[in-house]
Structures are given as C-alpha cells and as structure tokens.
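One structure below.
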Amino acid sequence: MPELPEAETIVRGLASRIVGATVTDVDVVHADVLASPPDDLRRRTRGRAFERLERRGKNVVLGLVGGDVLLVNLGMTGRLFPLAPGEPPPTAATHPAVRFRFRGGGALLFDDVRRFGRVECLGASDWRRRSGALGPEPLGRGFTAARFHLGLSGSRSPVRSWLLDQRRIAGIGNIYANEALHRAHIHPRRVAGSLSHEEARRLHRAVRAVLREAIRAGGTTIRDFRGADGLPGGFVHQLAVYGRESQPCPRCHGSIRRIVFGGRSAFFCPGCQD
DNA sequence: AGTGTATCCTGCAGGC
DNA sequence: TGCCTGCAGGATACAC
C-alpha cells in the first residue's frame, strides 16, 4: 500500500505524538510481522524513549535514545495509530499486530490486515548499512536530473520496473510510478536506458512533482491507507491513470489501458505516452 | 542482468 | 445467498 507520500504523511502525523514516549512493553499479536523473535524486540525497546521520527523511502524510522532504530515497513496494508492514555484503538484498527505500550498509558499500534508489513529493531550501524542499500531519496537535494539519467542509462529493464526497484530509487511504488510516467509522456514499458536526456529530465520533474503533490494531499487512499490521524489521503482524486482502465485520459481523452508486466498492473494512455 | 512465477496474507468486487 | 475467480499500494526467492 503505502509509498513515499503515505509514509511521509504518517511520519508527520505521528511525530508530535511519539517523540519523547518511553516504551514499557510490547504486545505481539502476530509475530509474523516481526523480523526477529518477540523477546529480541522487547529487549531492545523496553525502557527506551523515541527521540526522532523520520522516513526513508517507504519506511517509517523511529529513532530510539541510544541510537537503535525501530524500522517499520508498512507493506500493503500496514498502519500506525498513536493512542493517548486510556484511548481505545480506532474502529479502523481491525487487525492489530504489534502494540508498543508507553509509560503513562499511551501506545503505538501497528495494524496490518495482510501482514506483509515488517517491524524490526536495528542497531545504528545495521541501520546505516540497510539505508545505504536503498537508492537516493527522490525529494532529496542530491537527486538531480543528471544523476537520475545516469542511473537509468545502461539499464535494459522497463522504466516502470526501474522506478519500483528500491535499490535504484527509494520510495516509489506502483501508483506513483504510473502517475509520473503519464505526466512525463513516457510509456511504462520503455527501456530505462533508452530514455533521452530530455525524457529523463521530464521524468525527474514528474516524479518529484507527483510525490510532492501527493504529500500535500495527505497521500493516496485506495482502500486501506489512513494517516496517523485516521484520515484517508486525498490524492486518489488527482490520479490520472492509476486504477482508471478504460476511462478517458484527462490530458488527451484517449482510453486508458492496463497491461501487466513484472507481475503488476501498469496503467497508461496509448494516446500520449510513448 | 533481465523476466516470469510463486510466496507470504486477507478482503473485496464481480460473475454466475 | 453462496461460490468462485481475480485483484490489490510490497518485498523476496527461485529458476531460466
């Protein structure tokens, strides 16, 4: 489910509720979302406070005092709900998987219908290594059109697959890959290394614009996504192609098509993407 | 280095 | 109403 804008929306909504909270215990309802045994997670988090909250790609990163990091990958249907002392979980939290209890009675609930999400606690150096294996942040300063073009060059994979590969660029998922390609007038199946300098520049701009606009709208809710405040994201109303098979292209009024490759649906307009 | 396929799960929409 | 199929925002492992 959640891609960069959804993770960013969660982090922004969560920060004021979580930073400063000290973990007293961890309730594990579904251990299969944990990367290590429940006791490992308890040992590493109990008695420690969260001191910073950030995002890396699609991951929510909760930094603990002492340098360890609680890493949450939301998978397809993962959500994080902060709970005030005495506050019951929202009715939307139908599939609780892990609950971090805080001193004073508050909590952070990880809820995940399909349980493709992952929760793990890493030491600082392990986290650095993990983060280093991810590609650049598309909204970061270092992510220039020139660097993007360089990354694309030499790759024979379809550009949509290239965008989804977290080792090449971090945070883009199927919705925003399709939306950015449409905005840049580039067919999702184009060979990444065949993009001209001009096309790479257009796609670079499109990726950044789509992600920024989606963050501004609070992410995209197809079905499950909720921000930390429990609200759905509004970008679904601004989607041009994703999930709109057979509907008219908002730009040229051609009929949007769906094709499948790399195991996932790609949506595009045959009229204005080549 | 690519691609296709399968896997992990649950829920929902659509066809009959 | 029920049953079946296909589909889903992700990540990974495998064979070719």
Side-chain angles (χ1 to χ4, degrees), chain A residues 1-10 29-35 55-60 71-80 91-98 110-120 130-131 133-135 138 151-182 188-194 207 210-211 213-215 217-227 232-246 257-267:
Chain A
M1 145 189 113
E3 310 179 29
L4 185 155
E6 290 73 40
E8 181 67 25
T9 299
I10 286 170
V29 183
H30 284 291
D32 52 1
V33 303
L34 302 183
R55 177 193 58 72
R56 176 76 173 102
K58 303 173 186 176
N59 301 286
V60 177
L71 183 63
V72 179
N73 184 296
L74 299 151
M76 291 280 248
T77 52
R79 311 170 183 181
L80 285 168
T91 53
T94 50
H95 293 68
V98 181
F110 178 66
D111 183 276
D112 190 355
V113 173
R114 293 176 70 182
R115 303 203 300 281
F116 289 174
R118 283 294 170 273
V119 174
E120 59 189 310
R130 188 78 72 83
S131 179
L134 296 174
L152 292 165
S153 68
S155 168
R156 265 156 295 139
S157 79
V159 62
R160 200 276 310 256
S161 305
W162 193 100
L163 291 170
L164 293 184
D165 186 341
Q166 302 300 297
R167 296 165 303 184
R168 311 212 227 221
I169 184 167
I172 300 176
N174 206 25
I175 293 179
Y176 300 110
N178 282 285
E179 291 298 309
L181 287 164
H182 175 262
R189 217 158 186 161
R190 277 284 303 282
V191 170
S194 77
V207 163
V210 164
L211 294 177
E213 288 167 29
I215 289 170
T220 301
T221 297
I222 302 296
R223 174 175 300 148
D224 301 284
F225 174 71
R226 294 292 183 278
F235 196 72
V236 65
H237 305 298
Q238 298 173 57
L239 296 177
V241 287
Y242 184 84
R244 301 191 65 244
E245 184 181 16
S246 304
R257 284 194 52 198
R258 181 177 83 96
I259 58 177
V260 177
F261 65 92
R264 344 238 342 226
S265 291
F267 298 89

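Note that these values count all heavy atoms, side chains included, but never hydrogens, waters or copies made by symmetry. Within every chain, numbering begins at 1; the chains are lettered A, B, ... in the order of the sequence lines, protein sequences first and strands thereafter.
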Between dT3(B) (C1') and R189(A) (CZ): distance, integer Å: 10 Å
What is the distance, to the nearest angstrom, from the CD1 atom on I172(A) to the P atom on dA11(C)? 12 Å
Protein-nucleotide distance (L211(A), atom CG; dG9(C), atom C1'), rounded to Å: 13 Å
Backbone N or O of S194(A) within a donor-acceptor pair of the R190(A) side chain at under 3.5 Å? yes
Between Y176(A) and dG9(C), is there a contact of a side-chain N or O with OP1 or OP2 at under 4.0 Å? no
Would you indicate, yes or no, if dA11(C) has its OP1 or OP2 atom less than 4.0 angstrom from a side-chain nitrogen or oxygen of N73(A)? yes
If you measure from the P atom in dC7(C) to the same atom in dT5(B), how many Å do you get, rounded? 13 Å
Residue pairs passing the side chain to side chain donor-acceptor pair (under 3.5 Å) test with at least one member in residues 171-181 of chain A, sequence neighbours excluded, are E6(A)-Y176(A), R160(A)-N174(A), N174(A)-N178(A), Y176(A)-T220(A)
Check: G117(A) main-chain N/O paired with D112(A) side-chain donor or acceptor under 3.5 Å: yes
Between CZ on residue R118(A) and CG on residue D32(A), distance to nearest 0.5 Å: 7.0 Å
Would you check if the side chain of S161(A) reaches a backbone N or O of S157(A) as a donor-acceptor pair within less than 3.5 Å? no
Are the side chain of R264(A) and the backbone N or O of V260(A) linked by a donor-acceptor pair below 3.5 Å? no
Is T77(A) near enough to dA8(C) that one of its side-chain N or O atoms lies under 4.0 angstrom from OP1 or OP2? no
Sub-3.5 Å donor-acceptor pair from the side chain of D165(A) to the main-chain atoms of W162(A), do we have one? no
Most 5' of G154(A) and G263(A) on DNA chain B, judged by nearest nucleotide: G154(A)
For residues I215(A) and F235(A), determine if any side-chain heavy atom of one lies less than 4.5 Å from a side-chain heavy atom of the other. no
In whole Å, measure the gap between the P atoms of dA8(C) and dG4(B) for me. 16 Å
For T77(A) and R114(A), which I'm curious about, is there any donor-acceptor pair between the side chains at under 3.5 Å? no
Are the side chain of Q166(A) and the backbone of G173(A) linked by a donor-acceptor contact shorter than 3.5 Å? no
Taken to the nearest whole Å, CG/N174(A) to C1'/dA11(C) is 13 Å
Just the rounded figure in Å: distance from P of dG9(C) to CG of D112(A). 15 Å
From the list dG10(C), dA8(C), dG2(B), which nucleotide is the closest neighbour of the side chain of K58(A)? dG10(C)
Any N/O pairs under 3.5 Å between the protein and nucleotides 12-15 of chain B? List them or say none.
none

All N/O contacts under 3.5 Å from nucleotides 8-10 of chain B to the protein, with atom names and distances to one decimal?
from    : atom 1 : to      : atom 2 : distance (Å)
dC9(B)  : O3'    : R115(A) : NH2    : 3.4
dC9(B)  : O2     : R114(A) : NE     : 2.8
dC9(B)  : N3     : R114(A) : NH2    : 3.3
dT10(B) : O3'    : H95(A)  : NE2    : 3.3

Stem regions touching DNA chain C, defined by at least 3 consecutive Watson-Crick or wobble G-U pairs below 3.5 angstrom: B:2-8 with C:10-16, B:10-16 with C:2-8
As an exercise, state the distance from CZ of R168(A) to CG of L134(A), rounded to the nearest 0.5 Å. 14.0 Å
Contacts of F110(A) meeting ring pair (Phe, Tyr, Trp, His ring centres under 6.0 Å) (sequence neighbours excluded), chain-then-number -> none
Nearest-Å distance, CZ (R264(A)) to C1' (dG10(C))? 6 Å
So, do R257(A) and F267(A) sit near enough that their side-chain heavy atoms are less than 4.5 Å apart? no
Quick one: I259(A) CD1 to dT3(B) P, roughly how many Å, whole number? 13 Å
Residues in contact with DNA chain B, drawn from residues 156-168 of chain A - heavy-atom cutoff 4.0 Å: R156(A), S157(A), P158(A), R168(A)
P gap between dA6(B) and dT5(C), integer Å: 15 Å
Is it the case that the side chain of E3(A) and the backbone of I175(A) share a donor-acceptor pair, with hydrogens and angles ignored and the cut-off at 3.5 Å? yes
Without swapping roles, check the side chain of T221(A) against the backbone of R223(A) for a donor-acceptor pair under 3.5 Å. no
Measure CZ/F110(A) against P/dG10(C) and give the value in whole Å, please. 14 Å
